[in-house]
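Below is one structure, written out as structure tokens; the observations come after it.
We count ligands from 1, going down the list as the structure has it; atoms in each ligand are counted the same way. Count residues from 1 along the sequence.
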Amino acid sequence: MTDLRVVGGELVPPAPRERRHLLSIADLDRDDVDRLLATAASFALSQARETKKLPTLRGRFVLNVFYENSTRTSSSFDLAAKRLSADTMTVKASGSSVEKGESLRDTAQTLGAYGPDVIVIRHPEAGAAEFVARVTDAHVVNAGDGKHQHPTQALLDLYTMKEALGRLEGLHVAIVGDVLHSRVARSLVPALELVGATAIQVGPPPLLVPELCEATHDMTAIADADVVYVLRMQRERMLEGANFVPSLREYTARWGVTPERIRDGQRVMHPGPMNRGVEIDARLADSDASLVVDQVRSGLVVRMAVLYDLLTAGPVPVEATVEVA
Ligand code: CP
């Protein structure tokens, strides 16, 4: 997602319909992140009004295709498109011809025949979003592909941290739990690095990914963090019979994030859905330290910003601040 390109030795803005995708945090540079977060902040102002709908993407079509369950990502992309006056359609694999064995290529090309401007796709296989970008003409947003990437989650997490803590540069984030199966961690760590923040992962060694960032099994390491980012134990992605942790009870005893393990001033995040009483204590999830609901709220305006950024060029226009009657 670059704003400028070189043509004839000169830097020029992209053509309005230049095709771009958001498949991975690696698609973004620091300027992209700053621009997206600033755009999200402008949209947040519009969402505080009584009438929340903007005319910005009127006539555009955003197609959501979900091969895996979702509450937050699917609802926020749908609402984001609606708040920008785009047409939306959501297709879930469950109940569709995917269950009759239709391939991803055929499904993408079938739905692509309706001419979506953007396809938002979640799929259990890494690389699925990139594949859809290759076989359709739409801008593609990766809404989660297997253990690989979930870039809009990382963007909404950065937005939430900036709103709550007033800065990103220099923040230290402890990511606790099941990093191995987490596309959220694989997106968040490089996103934090892009903005000058640091990360450490904490959890049982079989669930850590040492090549991602500093890693330790020692929970006392979370004491230095500004934000403790708790990951869901992804039991559905754990191979049957593989012993990642001796038991959930022992996991909770050693790595569960509780009020007693959090110091004053630390903030706690979780991408959801939470396993209350497993990786996070319910008292903490509902406490003033928790930013979980803020993350959901951020998801709407950040996804508005992503859709806007893919389909237009330049700063948020004046008409984007004018509500639709
Ligand atoms: N964080 C997240 O992706 O949540 P959903 O699975 O509910 O979309």
Side-chain H-bond candidate by donor/acceptor type, [X] with [Y], under 3.5 Å:
X    : Y    : answer
D294 : T160 : no
D157 : Q153 : yes
D218 : T216 : no
R83  : Q47  : yes
H148 : E125 : no

Would you mind listing each N/O atom of ligand 1 next to any protein N/O under 3.5 Å, plus the distance?
residue	atom	partner	partner atom	Å
ligand 1	1 (N)	Q153	OE1	3.0
ligand 1	1 (N)	P271	O	2.8
ligand 1	1 (N)	G272	O	3.4
ligand 1	3 (O)	T73	OG1	3.0
ligand 1	3 (O)	R122	NH2	2.9
ligand 1	3 (O)	H150	NE2	3.0
ligand 1	4 (O)	R72	NE	3.1
ligand 1	6 (O)	R122	NH1	2.9
ligand 1	7 (O)	T71	N	2.8
ligand 1	7 (O)	R72	N	2.9
ligand 1	7 (O)	R72	NE	3.1
ligand 1	7 (O)	R72	NH2	3.2
ligand 1	8 (O)	S70	OG	2.6
ligand 1	8 (O)	T73	N	2.9
ligand 1	8 (O)	T73	OG1	2.6
ligand 1	8 (O)	R122	NH1	3.4
ligand 1	8 (O)	R122	NH2	3.4

Contacts of type side-chain contact (heavy atoms from CB on, under 4.5 Å), residue S103, not counting sequence neighbours: R105, D106
